[in-house]
Amino acid sequence: MHCSELSNSESILCVNKRNQKFRRAPKIGFAFGLMAKILKGPIALGTIRTGMVLGLRLLLQAGNLLLVARMLGPDFFGIFAGIAALAVLLGTLSTFGTQLVLLGEVSKDPRNRDGVLSYAIPTTMLFAGFMLLLYLGLMLFWLSEDEVTWPVVLAIGLAEIVLQPLFGLMSTEHHALGRVARAQLLQNGPLVLRLIMAVIIFYFELSPVLDIYAVGYLLASIIVLLLGACCLPKRWPGCRCWHMPSNDQWSRAFGYAAVNISKAGPAELDKTLAAKLLAMDVAGVYAAAARVVGAITLPVTALTLSALPRLFRENAEQHFGSWRLLKWMYSLALLYALILSAVLWIFAPILGELFGRQYAGIGDIIRWFCLAPPGIAVRLIAGNVLMATGKPWFRVGFEVIGLGLLVLVGIWLAPNFGAKGMALAVVCSEWGMAAVGSVLIILVSRAGISPNSKA
């Protein structure tokens, strides 16, 4: 019935309802339009693509973790996790920060590529040799003769300290060119090959498990390094073009080198620390739980990686990145993290069943770790923002504070509360870094940015 056919009061009510409907429609349309615009943005699309690739990595990591953990048992898995964590930690220093210099320079102008690579490659080779010697020296004091064989130690050290950093330069080049998903897809290569090796060992019941897996671990890095060389946009500069960095280049790379070690520390130091503070079987259960949490936070990593090239570009054009971009990153990362924490809490008992009876209690440890993802999300974003805006030492500062907090709280809680104490130490460390990093961003932004900056 048309409004004109109604009484005066009914007609007025009909017209009001129709006007409310028309006023509501633009708002709904605007909301959908805004959401569509956000999802079509380069960072959002990059996050989705990168998230899909990192989702594949999550499956690969989960397969590797479950197979290797079940094959080795808590005792040997704790040893393996500690050795690998130390190798990864020292391997972050192999490039001496030059891969982040490469990321920043190529993000601004792809023509800078050869100029950076000409000193990044020899610097990586030189420092990889130093770090490998340091790693082997530390293993002399850390391991007893009956815990693990030296071929295992050497294989893992060569893979993580020498080969993976060189491969990292290759994937960083794609990342800098905006091919973030492709860069992450390349980094899935070692995981695919390690999973294949783990399946072969598990199916054919080969032994000794750790020795054979370590050989496969090294072979995987060799193969992906060769494949990565074939996927480069163009060849690396020849040996004749190589040179050591100038004083200015050393100075800049040194800041990023410190960022590398401080950035990797929160994700790796706790496993090495647990291997010393906890009994080997308890350390193995803890390491498995920590690896689960590290894998589940990959969507947050996808967001921070996708936004990093834009942060570098915006810093080249402005003194500081835009407020709108920062708010968008913080909001989305926190939303991701809260959802991930909820999912992790719900599925913790099921994950405990997957690991088997040897890893009894792992579900409870995972639930304690559910407090960490929001802190991890804020810490990652704060660190990347400070690094991209020319404040790498600010990032190093708050992450060193976090590492110190991890060690102190771990030494205090682990002897009394075991693996749960180490999990709480990680939670305290992550939230401490998140708080200090956010405060530093506010201080830096007030010093040199207007809130009206455009995204």
Side-chain angles (χ1 to χ4, degrees), residues 53-72 76-77 79-92 94-95 99 124-125 128-129 131-132 135-136 139 148-175 181-232 236 264 267-268 271 287-288 291 294-295 298 301:
V53 175
L54 291 178
L56 173 61
R57 182 184 293 183
L58 173 59
L59 295 176
L60 294 171
Q61 284 185 340
N64 267 305
L65 178 60
L66 286 171
L67 281 176
V68 175
R70 291 181 72 102
M71 288 188 301
L72 293 178
F76 281 102
F77 184 74
I79 297 171
F80 169 74
I83 294 172
L86 182 60
V88 170
L89 195 59
L90 293 177
T92 60
S94 293
T95 61
Q99 93 282 7
T124 299
M125 291 180 173
M131 291 301 107
L132 182 61
Y135 165 78
L136 295 175
M139 287 294 102
V148 68
T149 61
W150 276 101
V152 171
V153 173
L154 184 60
I156 295 173
L158 286 171
E160 294 293 351
I161 298 175
V162 179
L163 300 179
Q164 286 300 125
L166 288 170
F167 180 68
L169 286 176
M170 297 175 180
S171 60
T172 296
E173 186 174 344
H174 291 284
H175 189 175
R182 184 179 301 182
Q184 295 303 310
L185 190 61
L186 281 174
Q187 292 185 5
N188 284 345
L191 294 175
V192 172
L193 296 176
R194 290 170 192 169
L195 179 59
I196 292 172
M197 177 58 68
V199 170
I200 291 172
I201 295 172
F202 183 80
Y203 183 79
F204 291 102
E205 298 181 351
L206 303 177
S207 62
V209 175
L210 186 53
D211 295 65
I212 297 173
Y213 183 71
V215 172
Y217 199 96
L218 176 59
L219 287 175
S221 295
I222 294 173
I223 293 171
V224 296
L225 184 64
L226 296 175
L227 291 175
C230 297
C231 296
L232 286 172
W236 274 357
E268 303 298 338
K271 286 85 174 175
R291 292 297 182 197
L298 285 174
T301 306

Grab the two heavy atoms, one from [X] and one from [Y], that are nearest each other, plus how far apart they are.
X	Y	result
Arg291	Ala81	NH2-O, 4.1 Å
Thr124	Leu166	CG2-CD2, 3.8 Å
Ala159	Ser221	CB-OG, 3.5 Å
Ala198	Val68	CB-CG2, 4.3 Å
Ala287	Lys271	CB-CG, 4.3 Å
Gly168	Thr172	O-OG1, 2.7 Å

Rounded at 0.5 Å granularity, tell me how far [atom1] in [X] sits from [atom2] in [Y].
X	Y	atom1	atom2	result
Ile212	Leu206	CD1	CG	4.5 Å
Gln99	Thr92	CD	OG1	8.5 Å
Leu72	Leu67	CG	CG	10.5 Å
Leu195	Gln61	CG	CD	11.0 Å
Leu219	Leu193	CG	CG	9.0 Å
Met139	Leu154	CE	CG	12.0 Å

Is there a side-chain contact between [X] and [Y], using heavy atoms and a 4.5 Å cut-off?
X	Y	value
Leu89	Tyr135	no
Glu173	Cys231	no
Leu86	Glu160	no
Leu66	Phe202	no
Leu65	Phe77	yes
Met71	Phe76	no
Val153	Trp150	yes

Review point. Going through the distances and angles, do Leu60 and Arg194 end up as a side chain to side chain contact (heavy atoms under 4.5 Å, CB included)?
Key: CA-CA 9 Å; Leu60 294 171; Arg194 290 170 192 169; over 6 Å; no

**Study point:** Criterion side chain to side chain contact (heavy atoms under 4.5 Å, CB included) on Phe80 and Ile156, from CA distance to verdict
**Key:** CA-CA 9 Å; Phe80 169 74; Ile156 295 173; 3.7 Å; yes

Review point. Any sub-3.5 Å donor-acceptor pair from Asn64's side-chain atoms to Leu191's backbone N or O?
Key: yes

**Study point:** Side-chain donor/acceptor of Ser94 to backbone N/O of Ile161, under 3.5 Å
**Key:**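 Yes; judged by distance alone, with no hydrogens or angles, the pair exists.
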
Check your understanding: Hey, mind stepping through Met197 and Tyr217 against side chain to side chain contact (heavy atoms under 4.5 Å, CB included) and telling me if it holds?
Key -> CA-CA 8 Å; Met197 177 58 68; Tyr217 199 96; over 6 Å; no

Check your understanding: Could you walk me through whether Leu163 and Leu218 pass the side chain to side chain contact (heavy atoms under 4.5 Å, CB included) check?
Key -> CA-CA 9 Å; Leu163 300 179; Leu218 176 59; 3.8 Å; yes

